[in-house]
Amino acid sequence: MRTQVGIVGAGPAGLMLSHLLHLEGIESVVLEAHSRHYVEQRVRAGVLEQGTVDLLIETGVGDRLKQQGLIHRGIELSFGGRRHRIDFSNLTPGRAITVYAQHEVIKDLIQARLEAGGLIHFAVSDISLHGLGTSTPAIGFRKGDELRELECDFIAGCDGSHGISRASIPARALKVFERAYPFAWLGVLAEAAPASEELIYTYHERGFALFSMRSPKITRLYLQCAPGEDMANWPDARIWEELQARLATSDGWRPAEGPILQKGITGMRSLVAEPMQFGRLFLAGDAAHIVPPTGAKGMNLAIADVRVLARALAEFYASGRRELLDRYSATCLRRVWKVQRFSWWMTSMLHRFDA
Ligand SMILES: Cc1cc2nc3c(=O)[nH]c(=O)nc-3n(C[C@H](O)[C@H](O)[C@H](O)COP(=O)(O)OP(=O)(O)OC[C@H]3O[C@@H](n4cnc5c(N)ncnc54)[C@H](O)[C@@H]3O)c2cc1C
């Protein structure tokens, strides 16, 4: 098997890169460890920044987003039961955030790639990267009982924080900056109409809480909890009791309750791997950096990376020039560090470090 760009991981970074390359007439093959069903159902991010929304629409994958996305022109920060509205319309004229679930973006991108004849191999295993320092890198993988090799010109490592790509770079060539936070988020998806039209970020003496939504019928809520928390300690009644205690405001506002459809615990850490490239391997998204979810930046950052990478690869294939490819890491890292600082600041402002 041969392609121009071999992409590891069918998350937002890998799929968007494959889509952008296709629009530039560049071939790619995506290799994904999980099934299509799994990646299309995995509940994660939900807040899209204006740049992400614009890119999805401009590149023809924004139809459902335009129909179903909930546009928010501000958010609320709550301290001591009193809310303060941050008005995006006044502060950043013409810009807003859109609430649209990450797995819906994934569905849209997979559909677009398959309709355009794109190749995505789901449920592959034993991925290994070879020849990264040569002009003929390759990806080894297993599909069913068969061992295969994908030869390529370049490899994009878009396989998230626990993938194989970052680990394939020799330790001496990589500097990793990391911070673990002494708390985690317990997140729930509830079948309850959102009681507020905007997101509410709450600092409370019992710990942080976030009120958000996924649709006019589904509320998404998060609670600060201990990092090693056992979900068995959190029956639904305790979750609601804690959410009500933290989110209630002095004017009597309360989140509406409903059946909990899904719940999970997410650790919180900041990580940056520098540089984001090694030979013919380019890291993008969570494979290169992790931000705590408080700033809602991770997926937006993943999309920003692959936009830079797609432009650099397009220039290489059109003219043979490597300048943009050579500068890929430096270009991305300017944004990455700003986003890291913002996410750390927002996390520090809203959480109890001693809870
Ligand atoms: C609770 C929570 C809330 C969040 N909220 C927001 C938000 O509101 N806004 C926001 O912007 N971000 C948010 N994020 C972060 C966001 O979800 C991630 O930053 C985003 O998924 C990164 O995309 P990615 O494509 O880089 O990586 P991923 O989405 O992790 O995709 C990587 C893919 O690679 C696959 N893979 C892994 N290893 C291998 C392998 N060895 N071989 C092949 N495939 C492999 C994985 O199965 C996966 O499909 C949130 C995250 C969490 C956990």
Side-chain angles (χ1 to χ4, degrees), residues 2-31 49 51-52 54-56 58-61 109 112-113 116 118-120 129-139 150-160 163-166 168-169 173-175 272-289 297-340:
R2 184 167 168 82
T3 190
Q4 290 175 298
V5 182
I7 300 176
V8 188
L15 291 167
M16 190 69 199
L17 177 64
S18 181
H19 177 59
L20 292 174
L21 292 177
H22 165 69
L23 298 179
E24 296 286 352
I26 300 166
E27 267 179 32
S28 66
V29 172
V30 181
L31 302 173
E49 292 175 345
T52 304
D54 291 346
L55 186 66
L56 291 167
E58 278 162 21
T59 61
V61 282
L109 286 169
R113 287 310 297 125
L119 262 185
I120 309 174
L129 310 186
H130 310 281
L132 299 178
T134 71
S135 56
T136 52
I139 309 176
L150 175 66
E151 292 173 5
C152 11
D153 300 334
F154 298 97
I155 297 175
C158 303
D159 46 352
I164 187 77
S165 299
R166 190 172 72 234
S168 302
I169 300 179
L174 211 57
K175 221 169 168 180
V272 179
E274 285 190 3
M276 290 168 59
Q277 61 199 88
F278 177 77
R280 293 258 170 157
L281 169 66
F282 294 84
L283 303 178
D286 279 15
H289 39 70
K297 293 280 187 187
M299 173 172 155
N300 293 293
L301 204 50
I303 298 287
D305 285 350
V306 296
R307 189 175 205 171
V308 175
L309 185 53
R311 204 177 291 145
L313 288 166
E315 160 131 328
F316 173 82
Y317 281 111
S319 68
R321 293 175 53 162
R322 293 198 52 122
E323 284 85 351
L324 293 185
L325 279 175
D326 291 343
R327 284 209 306 269
Y328 168 72
S329 177
T331 306
C332 291
L333 284 168
R334 278 200 299 274
R335 179 193 296 261
V336 167
W337 279 111
K338 278 188 196 162
V339 165
Q340 283 291 359

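Between I7 and C158, the shortest heavy-atom distance links the atoms CG2-SG, 4.1 Å. R113 and S18 get closest at one heavy-atom pair: NE-OG, 2.8 Å. The minimum heavy-atom distance linking L281 with A156 is given by the pair CD1-C, 4.5 Å. L174 and P275 get closest at one heavy-atom pair: CD1-O, 3.4 Å. Smallest separation of non-hydrogen atoms from A284 and V306: CB-CG1, 3.8 Å. Residues A287 and R166 come closest through the heavy atom pair O-NH1, 2.9 Å.
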Subject >> Intermediate values then yes/no, side chain to side chain contact (heavy atoms under 4.5 Å, CB included), I303 and L56 >> reply: CA-CA 10 Å; I303 298 287; L56 291 167; 5.5 Å; no
**OP:** Go through the steps to decide whether E24 and R311 satisfy the test side chain to side chain contact (heavy atoms under 4.5 Å, CB included), and finish with yes or no.
**Re:** CA-CA 9 Å; E24 296 286 352; R311 204 177 291 145; over 6 Å; no
Subject >> Verdict with reasoning, D153 to R2, per side chain to side chain contact (heavy atoms under 4.5 Å, CB included) >> reply: CA-CA 9 Å; D153 300 334; R2 184 167 168 82; 2.3 Å; yes
Original post:
Under the side chain to side chain contact (heavy atoms under 4.5 Å, CB included) criterion, do E274 and W337 qualify, and how do the steps go?
Top reply: CA-CA 11 Å; E274 285 190 3; W337 279 111; 2.7 Å; yes
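With sequence neighbours excluded, no residue satisfies salt bridge (Lys or Arg N to Asp or Glu O under 4.0 Å) with D159.
Judged purely by atom type and a 3.5 angstrom limit, Q277 uses its side chain to pair as donor or acceptor with the backbone of S329.
With a 4.5 Å cut-off on side-chain heavy atoms, H19 and T59 count as touching. H289 places none of its side-chain heavy atoms less than 4.5 Å from the side chain of L283. Under the 4.5 Å side-chain criterion, counting only non-hydrogen atoms from C-beta, L17 is not in contact with S28. For the pair L309 and Y328, the minimum side-chain heavy-atom distance is below 4.5 Å. Residues S165 and I155 are not in side-chain contact: their nearest non-hydrogen atoms beyond the backbone lie 4.5 Å or more apart. Taking the side chain as every heavy atom from C-beta outward, F282 and D305 never approach each other to under 4.5 Å. Two residues are said to be in side-chain contact when any heavy atoms from C-beta on lie closer than 4.5 Å; M16 and L55 meet this criterion. Two residues are said to be in side-chain contact when any heavy atoms from C-beta on lie closer than 4.5 Å; F316 and R322 meet this criterion.
When each of I26, V29, V30 is checked for a side chain to side chain contact (heavy atoms under 4.5 Å, CB included) with V5, only I26 meets the rule.
Once rounded to the nearest 0.5 Å, the distance linking CG of N300 with CZ of R335 reads 9.0 Å. Rounding to the nearest 0.5 Å gives a distance of 9.0 Å between OG1 of T3 and CD1 of I139. Atom CG of L301 sits about 12.0 Å away from atom NZ of K338, to the nearest 0.5 Å.
A salt bridge links E49 to K297: one of the charged nitrogens lies within less than 4.0 Å of a carboxylate oxygen.
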